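All remarks here apply to the structure that follows.
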Protein chains: 2
Amino acid sequence: MDRSSPVPLYYQLSQQLEAAIEQGRLAPGSLLGNEIDLAARLGLSRPTVRQAIQSLVDKGLLVRRRGVGTQVLHSQVRRPLELSSLYDDLEAAGQHPATRVLHHATEPATARVAAALGVPEGSEVLFVERLRLAHGEPMAHLRNHLPVGLIDADPARLEETGLYRLIRAAGITLHSARQTVGARAATPEEGARLAEPEGAPLLTMERTTYDDTGRAVEFGSHVYRASRYSFEFQLLVRP
Amino acid sequence: MDRSSPVPLYYQLSQQLEAAIEQGRLAPGSLLGNEIDLAARLGLSRPTVRQAIQSLVDKGLLVRRRGVGTQVLHSQVRRPLELSSLYDDLEAAGQHPATRVLHHATEPATARVAAALGVPEGSEVLFVERLRLAHGEPMAHLRNHLPVGLIDADPARLEETGLYRLIRAAGITLHSARQTVGARAATPEEGARLAEPEGAPLLTMERTTYDDTGRAVEFGSHVYRASRYSFEFQLLVRP
DNA sequence: GAGTGGTCTAGACCACCGC
DNA sequence: CGGTGGTCTAGACCACTCT
């Protein structure tokens, strides 16, 4: 514990505990030892130790049981879903993502886009249409609508990185997103774009993303090749 | 605030705040008023008030900003995804779900099932195959594998309710689930079962569910008619 | 500078679990 | 019964935001 650091004590502790769990120094199923002793041993107060432990409970790494103790969860259970971007997913998987910007302009909002973004129908919104490639192969067709003036959506920057990075770089704090995932058969145009035959199954996702004021910052309608992509995520049950 | 109640004070407060937000008595975007005054007014300590507020922040209803205050989020942003069961989803949507148990037996675990459930390959597991109907129409084909002896999987009970309710009724505390959602074209057999033509797009979901000891309690391979069903969920961004 | 949330302390009593 | 986490208090100081 480093009291001179600006990093909060509870956060230092939670990071140390998390590292110990990841590295197996705290075995799955083992008990953490009671909070009072732990606090005394570390020279911290019990609430501070509890805050550290609680953050790992929220992450799904620990379970507390009254009268029993705090236990390390067996390791198949890992961290929950984060608001991910396809670009980051591909990059993390070592797939060398690339983006081709097909279209990029402001246009009047359709009823659906206006409803999603919470702007008047017909008002100008930014529309970006992109093709996402991995290893040079098309993976997904991405259509996004954003309020005008929100980001610097220079096509060159859009080809270099993901939309979410641009949004975050504009100082916007993302808060939540509402997603719908479905499937449908490819139209001839979609098939041509994604190198799939007509009628091939496609995964579809619609997503509206909100910042921490509750304002919609992005509405996306995305189509993925089902043969190349699936969504994987982890849910935690609220206690 | 009722101090004689066994319900924790912070929980009473968080429920009252949540109700006030739901009913619009606390307007979206409005500030909650500072924690110290709120504590004094309610006769609570500040940590207790903070705990109540924090639980609503975790639910995504409030946002805290240092130096500014605690703000009610605009209401498009609602609660996050819960570990849902198709049965409950359909029932909540007033779709009158029904279940037909197609198969129900113990059988040796395949390599994939064994890996998902964390049991030895070839050991006996319970296999349940069901067809889920809504308004008498097939919606999904559900295949589940469970460790033997975990639940009382009487076929009659399986037809009456969802698998998750049976698992919970067996005293198991669900903790988390890992899901993969994809799509594929219907085989002739799948088409016949789900009243879809061959080649029709189907949504697929694989899910392994864990209890709070980290033990896998269920592995499901489900197929949904894409024309009738999509997954909708809400994500919160971890701060 | 005034006001806000963020962190931290050092206690206290209670409810639940397993022996 | 002893030990655990769950709740609660009454303070304190700090970091940040806005004016």
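Below, all heavy atoms of this structure are taken into account, side chains as well, without hydrogens, waters or symmetry copies. Note that the structure is predicted; figures quoted are calculated from it, not measured. Here is how names work: the chains are called A, B, and so on, in the same order as the sequence lines, proteins then strands, and each is numbered from 1.
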Rounding to an integer number of Å, can you tell me how far [X] [atom1] sits from [N] [atom2]?
X	N	atom1	atom2	value
B:Y11	D:dC8	OH	P	13 Å
B:L31	D:dT17	CG	C1'	12 Å
B:D2	D:dC8	CG	P	12 Å
A:L38	D:dG3	CG	C1'	16 Å
B:L9	D:dA10	CG	P	12 Å
A:L13	C:dC8	CG	P	10 Å
A:I53	C:dC8	CD1	C1'	16 Å

Using 0.5 Å steps for rounding, measure from the CG atom of A:D37 to the CG atom of A:L32.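 Between A:D37 CG and A:L32 CG, I get 11.5 Å after rounding to 0.5 Å.
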Would you say A:Q12's side chain and A:V7's backbone share a donor-acceptor pair under 3.5 angstrom?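 Indeed, once roles are kept as given, a pair shorter than 3.5 Å links the two residues.
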Using atom types as modelled and distance alone, determine if a side-chain donor or acceptor of B:E18 lies under 3.5 Å from a backbone N or O of B:L56.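 No, because the side chain of B:E18 does not come within donor-acceptor range (under 3.5 Å) of the backbone of B:L56.
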Provide a list of protein-nucleic acid N or O atom pairs under 3.5 angstrom, restricted to nucleotides 4-6 of chain C.
from, atom 1, to, atom 2, distance (Å)
C:dT4, OP1, B:N34, ND2, 3.1
C:dT4, OP2, B:N34, ND2, 2.8
C:dT4, O2, B:G67, N, 3.2
C:dG5, OP1, B:T70, N, 3.4
C:dG5, OP1, B:T70, OG1, 3.3
C:dG5, OP2, B:E35, N, 3.0
C:dG6, OP2, B:R50, NH1, 3.1
C:dG6, OP2, B:R50, NH2, 3.2
C:dG6, OP2, B:R64, NE, 3.1
C:dG6, N7, B:R46, NH2, 2.9
C:dG6, O6, B:R46, NH1, 3.0

D:dC14, OP1 or OP2 - any side-chain N/O from A:R3 closer than 4.0 Å?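 The answer is no; no side-chain N or O of A:R3 sits under 4.0 Å from OP1 or OP2.
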OP1 or OP2 of D:dT9 versus the side-chain N and O atoms of B:T48: is any pair under 4.0 Å?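 Yes, because at least one side-chain N or O of B:T48 sits under 4.0 Å from OP1 or OP2 of D:dT9.
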Heavy-atom side-chain contact between A:T209 and A:Y164 under 4.5 Å: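 Yes, side chains in contact.
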Ring-plane angle category for B:Y224 and B:Y229, please: parallel below 30°, perpendicular beyond 60°, tilted otherwise.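 It falls in the parallel class, under 30°.
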Please report whether the ring centroid of B:F231 lies less than 6.0 Å from that of A:F231.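 Aromatic pair excluded; centres sit 6.0 Å or further apart.
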